[in-house]
Amino acid sequence: PIEDLFASLNKHIQRSDFEQAVKVADQVLSVAPGDDDAIRCKVVALVKADRFDDAISTIQTSKKVLTDFSFFKAYCLYRQNKLDEALESLKSQEGNSATMLLESQILYRLGKMDACMDIYQKLQKSKIDSLEINSVANLIASGRASE
Amino acid sequence: NPIVLDLAYNFIDFPSLENRM
Ligand SMILES: [K+]
């Protein structure tokens, strides 16, 4: 039954065995096509296995799911250094912390330091009090100061 | 070039499967 497949899928995820997780997610999808959890598991496992092309094609063939995969797609494009396409994929997204972080990383790679810094400053002012965000913002600021 | 942190990666996460098993 599908519950056993999900238990198996969960076990592979816990062990960070992402290739096996993809295989079991596919088994779920063969009995329950379009299952939202299975598709998301497959996409995330593919990303964590550095299989960005496969993650994107899975997203593109799963149009009817409830999950909005724009952030995942943008992240894959970012890792493939397709930076303009990555920004494009983020456009439809609301400005939550994940979206803002990824956007700032893309802008950083594009060399747009001012725009990048603006976002980090917004993140610092937002509810999320992250030491990591603060340290990244400080690194960018000090990098610019030493230019 | 000191900025190599990929904080966005932390937001690529699996759904909870607790009620699917
Ligand atoms: K970065």
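Residue numbers begin at 1 in each chain, while the letters A, B, ... track the order of the sequences. Note that these values count all heavy atoms, side chains included, but never hydrogens, waters or copies made by symmetry.
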Between A:Asp35 and B:Arg20, is the side chain to side chain contact (heavy atoms under 4.5 Å, CB included) condition met? List the steps.
CA-CA 11 Å; A:Asp35 185 291; B:Arg20 302 300 306 270; 2.6 Å; yes
Please check if A:Phe52 and A:Ile106 belong to a single hydrophobic cluster, counting links between Ile, Leu, Val, Met, Phe, Trp and Tyr side chain heavy atoms closer than 4.5 Å.
yes
Hydrophobic clusters here meaning ILVMFWY residues chained together by side-chain heavy-atom distances under 4.5 Å, can you tell me if A:Leu5 and A:Leu9 are in one?
yes
When you group the ILVMFWY residues by side-chain heavy-atom contacts below 4.5 Å and let the links chain together, are A:Leu90 and A:Leu77 in the same group?
no
Within this structure, what is the OH-OH distance for the pair B:Tyr9 and A:Tyr78, rounded to the nearest 0.5 Å?
13.0 Å
Over all atoms of both residues, closest heavy-atom pair of A:Ala7 and B:Met21:
CA-SD, 3.5 Å
State plainly whether one hydrophobic cluster holds both A:Leu87 and A:Leu83, where clusters connect Ile, Leu, Val, Met, Phe, Trp and Tyr through side-chain heavy atoms under 4.5 angstrom apart.
yes
Distance in Å, A:Met100 CE paired with B:Leu7 CG, rounded so as to fall on 0.5 Å steps
13.0 Å
Do other residues, nucleotides or ligands put more than 12 heavy atoms under 6.0 Å from the CD atom of B:Glu18?
no
Would B:Ile12 and A:Phe71 count as a side chain to side chain contact (heavy atoms under 4.5 Å, CB included) here? Give the steps.
CA-CA 9 Å; B:Ile12 307 286; A:Phe71 174 78; 3.6 Å; yes
Strictly below 4.0 Å, N to O, side chains only: are A:Lys48 and B:Asp13 in salt-bridge contact?
no
Which portion of A:Phe18 sits near chain B, non-hydrogen atoms under 4.5 angstrom
side chain
Rounded distance (nearest 0.5 Å) linking atom CZ of B:Phe11 with atom CG of A:Leu102
10.5 Å
Indicate the atoms forming the closest heavy-atom contact of A:Arg40 with B:Pro15, along with that distance.
CG-CD, 3.7 Å
Nearest-0.5 Å distance that lies between atom CD1 in A:Ile13 and atom CG in B:Leu17:
5.0 Å
Which heavy atom of B:Phe14 sits nearest to which heavy atom of A:Ala45, and what is that distance?
CE2-N, 3.6 Å
